[in-house]
Amino acid sequence: MKRRLITPLPALLLLPLLFLLLFLSGCSTTPPDRPAGSDTSSGPAPSSGAPFTATDSGWIQLMTPMSEQAGQLLAMASTHESAPPPASWATALAKEHRTELAQLRQLLRRMGLPDTNVHEGHDMPGMVTDADLDRARRLTGPDFDGFVRQEIRAHLEQSGRVSRSESRAGGSQEAKRLAARIADSRAEQLKTLSSLDE
């Protein structure tokens with residue numbers, strides 16, 4: 001069973017460091033097939049009233065696919081015949097993620113960024129990958145139970161951690177407010193998940 005170890009970093013350093021690592025590894029926030037500096041008039045423009053920073057961009061482009069992928073796993077758990085987090089819990093959490101994803105995508109458009117997964121193919125902490133989803137489809141009973149709990153716990157912990165960092169170190173008040181709400185939600189969601197283990 002896959003185990004991801006996450007080493008805590010100071011909140012003010014986490015997102016800038018993440019952005020730097022993504023840059024060095026070849027990730028780009030430039031839309032595919034569109035060179036940097038090219039005309040973007042055909043797409044949504046960033047809000048002139050919000051001073052979005054590289055930290056804001058790095059956070060939103062990480063959180064959007066994280067929420068989307070986790071939502072798919074939760075949707076699977078909510079209908080699984082032996083859904084170990086109770087189906088009602090998985091259904092409620094999947095609904096929260098859909099609402100959150102709509103807010104993230106709205107902010108993504110306001111920032112003028114493409115709604116594409118710039119981290120696709122990267123095995124990042126807290127990210128439910130396509131391979132993870134394929135594996136979940138093949139699992140049953142206790143194996144499915146353990147896998148879902150492991151993946152969702154890692155997702156909630158990491159997405160809460162980066163959102164809390166964004167709420168403190170981001171530049172846009174709009175992005176920071178959304179990040180703070182998500183971080184608070186993650187704390188409550190983790191409490192609920194822990195109560196299922198009791």
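Just so it is clear, the structure is predicted and the values come from calculations on it, not from any experiment.
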### Query
Does the side chain of E174 reach to within under 4.5 Å of the side chain of R110, using non-hydrogen atoms?
yes
### Message
Closer than 3.5 angstrom, by distance alone: can the side chain of H155 be matched with the main-chain N or O of E151 as a donor-acceptor pair?
### Response
no
### Task
Would you tell me whether W89 and T192 have side-chain atoms, one donor and one acceptor, within less than 3.5 Å of each other?
no
### Query
Mind checking whether Q61 and P114 have side chains closer than 4.5 Å, heavy atoms only?
yes
### Shared hydrophobic cluster for L73 and L196 (ILVMFWY, side-chain gaps under 4.5 Å)
yes
### Query
Does the pair I182 and Q103 meet the rule for a side-chain contact (heavy atoms from CB on, under 4.5 Å), with working shown?
CA-CA 10 Å; I182 291 174; Q103 296 170 337; 5.7 Å; no
### Message
For a quick test of reading the model, state the closest non-hydrogen atom pair linking W59 to S163 and the distance between them.
### Response
NE1-OG, 3.2 Å
### Task
With rounding to the nearest 0.5 Å, note down the distance linking OG in S172 to CG in L178.
9.5 Å
## Note on the structure
Hits for side-chain hydrogen bond (donor to acceptor under 3.5 Å, both in side chains) against R137, two or more places apart or cross-chain, chain-then-number order -> D134
### Query
Would you call D56-K176 a salt bridge at under 4.0 Å N-O?
no
### Summary
CG (L74) and CD (E96) are apart, to the nearest 0.5 Å, by 9.5 Å
### Message
Side chains of Q106 and R109: any donor to acceptor distance under 3.5 Å?
### Response
no
### Atom pair CD/CG of E188 and L93 - distance to nearest 0.5 Å
12.5 Å
### Task
Run the numbers on F52 and L113 for side-chain contact (heavy atoms from CB on, under 4.5 Å), then give the verdict.
CA-CA 11 Å; F52 295 116; L113 296 170; over 6 Å; no
### Residue pair F147 / I152, side-chain heavy-atom distance below 4.5 Å
no
### Task
Say whether S159 and R186, considering side chains only, have a donor N or O and an acceptor N or O under 3.5 Å apart.
yes
### Query
Does M111 belong to the same Ile/Leu/Val/Met/Phe/Trp/Tyr cluster as L101, with side-chain heavy atoms less than 4.5 Å apart forming each link?
no
### Query
So do the side chains of S194 and R153 get within less than 4.5 Å of each other, counting heavy atoms only?
yes
## Note on the structure
Of all heavy-atom pairs linking S167 and A179, the shortest is N-CB, 3.9 Å
Side-chain donor-acceptor pairs under 3.5 Å in residues 64-72, sequence neighbours left out?
{"unit_1": "T64", "atom_1": "OG1", "unit_2": "I60", "atom_2": "O", "d": "2.8"}
{"unit_1": "S67", "atom_1": "OG", "unit_2": "M63", "atom_2": "O", "d": "3.2"}
{"unit_1": "S67", "atom_1": "OG", "unit_2": "E100", "atom_2": "OE2", "d": "2.3"}
{"unit_1": "E68", "atom_1": "OE2", "unit_2": "R105", "atom_2": "NH2", "d": "3.0"}
{"unit_1": "Q69", "atom_1": "OE1", "unit_2": "Q72", "atom_2": "NE2", "d": "3.2"}
{"unit_1": "Q69", "atom_1": "NE2", "unit_2": "V128", "atom_2": "O", "d": "3.0"}
{"unit_1": "Q69", "atom_1": "NE2", "unit_2": "D130", "atom_2": "OD1", "d": "3.1"}

### Nearest-0.5 Å distance that lies between atom OG in S185 and atom CG in L190
11.0 Å
### Query
With a 4.5 Å limit on heavy-atom distance, are the side chains of L107 and L104 in contact?
no
### Message
Within this structure, what is the CG-CZ distance for the pair L156 and R161, rounded to the nearest 0.5 Å?
### Response
11.5 Å
### Query
To the nearest 0.5 Å, what is the distance between CE (M76) and CG (D132)?
10.0 Å
### Task
State, to 0.1 Å, how close R164 and A180 come at their nearest heavy-atom pair, and which atoms those are.
NH1-O, 4.2 Å
#### Entry: Donor-acceptor pair, side chain of D145 and main chain of P142, under 3.5 angstrom
no
### Task
Indicate the atoms forming the closest heavy-atom contact of G170 with T55, along with that distance.
CA-CG2, 4.1 Å
